[in-house]
Amino acid sequence: MKRTHTCGELRSSDLGREVCLQGWVRFSRDHGGVAFIDLADRYGITQVVFDPEDLPEGTDAESVSGAMRTFTRESVVSISGTVRERVEGTEDSRNPTGRVEVLITSAELLNRSRSPPFELGDQKEGVLPNEETRLKYRYLDLRRTEMVRSMEFRSRLVHLARQYLEKSGFLDIETPVLARTSPEGARDYIVPSRVHPGAFYALPQSPQLFKQMLMVASMDRYYQVARCFRDEDSRKDRQPEFTQLDMEMSFVDEKDIQDTVEALMAHIWMGIYSEELDIPFQRIGYREAMERFGSDKPDTRYGLEFVSLTDTVRDAPYEIFRKIISSGGIVSGINVKASLAGDRAVGRNEVDRYIQYAKKAGLGGLTWMRCEDGVLKSNITKYFTPEILEGIKRNLGAEEGDLVFLIAGPWKPTLEGGGLLRRKIAEDLDMIPEGRHSFLWIVDCPMFEIDPVSGKHDAFHHPFVLPTGPPGSENVGGACFDIVMDGNELGSGSLRIHDPAVQREVFRILGMSEEKIERDFGYFLEALSYGAPPHGGIAIGIDRFVSILLGKDTIREVIAFPKNKKAQSLLDEAPSKVDDEKLEELQIMSVAIDDFFDESDEEGE
RNA sequence: GCCCUGGUAGUGUAGCGGCCUAUCAUGAAGCCCUGUCGAGGCUUCGACACGGAUUCGAAUUCCGUCCAGGGCGCCA
């Protein structure tokens with residue numbers, strides 16, 4: 001018999017209906033006579049009851065109870081019966097189907113399940129097995145309601161994005177997964193070519209060049225839910241393969257792209273939360289973000305901002321600051337208000353912990369002062385004049401009991417370290433509002449990042465960003481911008497270079513030889529030379545977006561089959577050794593030592 | 001490559017160098033039970049990641065290895 005309803009469907013309005021349900025036995029409760037099964041599928045859970053005192057006509061009680069005895073946990077079963085109201089007082093208000101139950105008249109085991117390696121019930125928050133076990137049995141882990149909801153949410157979000165983009169004239173165009181290796185950027189995953197021994201494809205780190213060439217091809221507006229591959233070490237928000245909502249548009253400026261993304265986000269927001277999203281997003285310049293928040297992806301949902309004190313302490317007879325400032329460094333301060341700390345007094349022990357943390361965060365040290373009796377006090381205030389101390393106090397708005405930290409050193413590492421410290425303090429003091437989200441744009445980025453020692457230029461974003469001035473000029477900016485959500489980089493976009501001469505010049509500045517430029521990017525420069533329109537675009541990290549919205553700690557929670565920290569899939573045990581014959585065919589010889597593989601990999605060879 | 005944290009029955013956990021033949025829960029197997037819903041009751045089963053060292057004695061201390069996670073580097 002075919003199922004007539006899902007396990008999340010039946011309501012009081014279905015009373016008396018003859019139904020067939022098929023699903024998984026989540027829990028069963030046999031009371032010696034009356035017996036219950038919680039039958040689950042993706043849609044919900046419905047209670048099935050066997051009641052020997054209320055056997056509907058035509059029920060073969062022996063056969064039903066016999067079948068039910070074979071229903072082990074997580075077995076797939078098919079049951080038929082009549083929808084009836086639950087006995088008064090036994091309704092389950094937590095379950096949408098909780099007012100009804102199915103009085104069973106026939107039961108069939110479709111596929112028996114072995115006893116699962118861990119429990120799949122919902123309510124057991126905090127007793128999940130460790131992630132290793134979850135990933136090994138991911139098909140069971142995904143059966144859990146929480147994971148089903150995550151997958152549904154992700155699907156819904158991607159659908160809303162597609163819906164908006166299609167409506168806005170974007171074309172979904174697929175780009176190759178087998179592509180050319182790119183010389184810059186992350187390490188590539190490479191794929192050998194059988195037809196061309198010794199030559200390799202690379203899996204794309206992003207569809208960057210293809211989408212630009214689609215603009216050359218007059219496609220105007222492109223999008224793709226694109227898988228990207230980067231062979232770099234994992235983090236909780238980084239996987240070897242991940243998904244981007246990739247977009248590109250012709251004849252646009254930066255604001256056009258940002259407007260489009262804001263409207264897209266608003267559409268998604270409305271679709272998911274039935275709420276207007278507050279647009280446009282705040283725009284903060286890169287330098288300002290660094291100087292106020294110590295981050296190029298600041299979380300602005302809480303204060304705790306840095307204030308520059310370089311000028312304030314410039315004349316202080318404090319040798320450490322003097323040296324730093326005279327060599328071009330900065331001094332900046334942050335005020336931990338006494339009122340923020342609340343009950344959690346930030347005492348000497350905590351200050352010492354922050355000093356340790358600061359050192360780990362790359363800061364040379366951490367200076368602290370506390371506002372007591374109207375003045376800043378600490379072990380080093382003797383190196384400052386009362387006027388300078390008053391200046392620090394005023395600039396930071398320090399009041400009685402407040403604790404201020406001063407960081408000092410070269411601009412970037414000092415502010416970055418300060419940003420880590422800022423986040424640490426905010427976490428410790430519970431200042432981060434969970435469940436509230438904030439978007440912002442980081443704009444006005446530099447084109448290049450220059451190594452202070454070697455003078456080597458690196459692209460701040462990537463080499464295809466349109467410089468805002470002559471690429472060779474000092475401190476040239478790039479027409480690029482990041483979208484930041486709750487302190488996470490969600491995506492990054494830019495206008496692109498469409499003039500092949502400019503593109504060539506940028507490659508040169510990045511230190512590439514003419515030969516290398518020609519070999520690696522000749523085809524692309526040629527494409528630009530055939531009437532490439534002004535264009536630009538952005539890519540949004542889907543995994544990160546979904547995980548932030550769902551409040552998950554890692555993107556693995558929103559990826560059906562993620563890899564572990566060592567880039568392995570515990571489920572199918574990829575990567576694996578390949579048969580020698582396959583390698584021979586590809587004319588590949590491995591120099592890896594066999595011992596690298598454990599015994600289970602050696603079997604079957 | 002480096003740093004940090006952790007590894008006890010299938011799962012989640014307790015476990016001051018001797019009270020450990022290792023706790024509790026869940027699970028599994030069996031029995032009992034006619035309104036539960038993570039049902040309940042009784043019985044049974046089942047573990048100190050691996051190797052070395054210290055010690056009269058190690059789950060516990062130390063060293064190494066392996067495994068997992070977080071971070072640094074890396075991620076144009």
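Everything numeric here is computed off the predicted structure, so don't read it as measured data. Sequence lines set the chain letters: A, B, ... in the order given, protein chains first and strands last, and positions in each chain run from 1.
Look at the P atom in both B/A25 and B/G40: the space between them is 12 Å, to the nearest Å. The same atom, C1', is picked in B/G18 and in B/U36; the two are 48 Å apart, to the nearest Å.
Closest to the side chain of A/Asn564, from the set B/G69, B/U11, B/C74, is B/G69. Among B/C74, B/U34, B/G35, the nucleotide with an atom closest to any side-chain atom of A/Arg187 is B/C74. Each of B/U36, B/G70, B/C74 was ranked by its minimum atom distance to the side chain of A/Arg29; first place goes to B/U36. Of all nucleotides listed (B/G71, B/A68, B/A76), B/A76 comes nearest to the side chain of A/Arg230. Which of B/G12, B/C67, B/C75 sits closest to the side chain of A/Pro129 comes down to B/G12. In the set B/C37, B/G10, B/G69, B/G69 carries the atom at the smallest distance from any side-chain atom of A/Arg556. In the set B/C37, B/C67, B/G69, the nucleotide with an atom closest to the side chain of A/Glu132 is B/C67. The side chain of A/Pro52 sits closest to B/U34 out of B/U34, B/C75, B/U36. Of all nucleotides listed (B/G35, B/A76, B/G71), B/A76 comes nearest to the side chain of A/Ser206. For A/Phe464, the side-chain atoms get nearest to B/A76 when compared with the rest of B/A76, B/G70, B/G35.
Within 3.5 Å, no donor on the side chain of A/Glu232 pairs with an acceptor on the base of B/G73, nor the reverse. With hydrogens and angles ignored, no donor-acceptor pair under 3.5 angstrom links the side chain of A/Glu91 to the base of B/G35. Side-chain atoms of A/Arg235 come within donor-acceptor range of the base of B/G73, with a qualifying N/O pair under 3.5 Å. Interface remark: the A/Arg134 side chain does not form any donor-acceptor pair with the B/G12 base, using a distance-only criterion of under 3.5 Å.
Note on A/Arg114: every side-chain N or O is 4.0 Å or more away from OP1 and OP2 of B/G27. Taking side-chain N and O atoms only, A/Gln239 has no distance below 4.0 Å to OP1 or OP2 of B/C75.
Between the side chain of A/Arg99 and the backbone N or O of A/Arg11 there is no donor-acceptor pair closer than 3.5 Å.
For the atom pair CZ (A/Arg112) and CZ (A/Arg73), the distance works out to 13.5 Å, reported to the nearest 0.5 Å.
By the neighbour-count criterion of 12 heavy atoms within 6.0 Å, atom CD of A/Glu514 is densely surrounded, having more than that number from other residues, nucleotides or ligands.
Base-pair partner of B/A58: not found among the strands shown (Watson-Crick or G-U wobble, both distances under 3.5 Å). Partner assigned to B/C2 is B/G71, using Watson-Crick or G-U wobble distances below 3.5 angstrom. Nucleotide B/G64 is matched to B/C50 when pairs are restricted to Watson-Crick or G-U wobble geometry with both distances under 3.5 angstrom.
The interatomic distance linking A/Asn130 (CG) with B/A49 (C1') rounds to 12 Å, in whole Å. Here the P atom of nucleotide B/G38 and the NE2 atom of A/His31 are 11 Å apart, to the nearest Å. Across the protein-nucleic acid pair, A/Arg26 atom CZ and B/A39 atom P stand 12 Å apart, rounded to whole Å. In this structure, CG of A/Leu103 is placed 15 Å from P of B/G35, rounded to the nearest angstrom. We find that NZ of A/Lys566 is positioned 7 Å from P of B/C66, with the value rounded to whole Å.
Taking the six-membered ring for Trp and thresholds of 30 and 60 degrees, A/Phe464 and A/His462 have ring planes inclined between 30 and 60 degrees apart.
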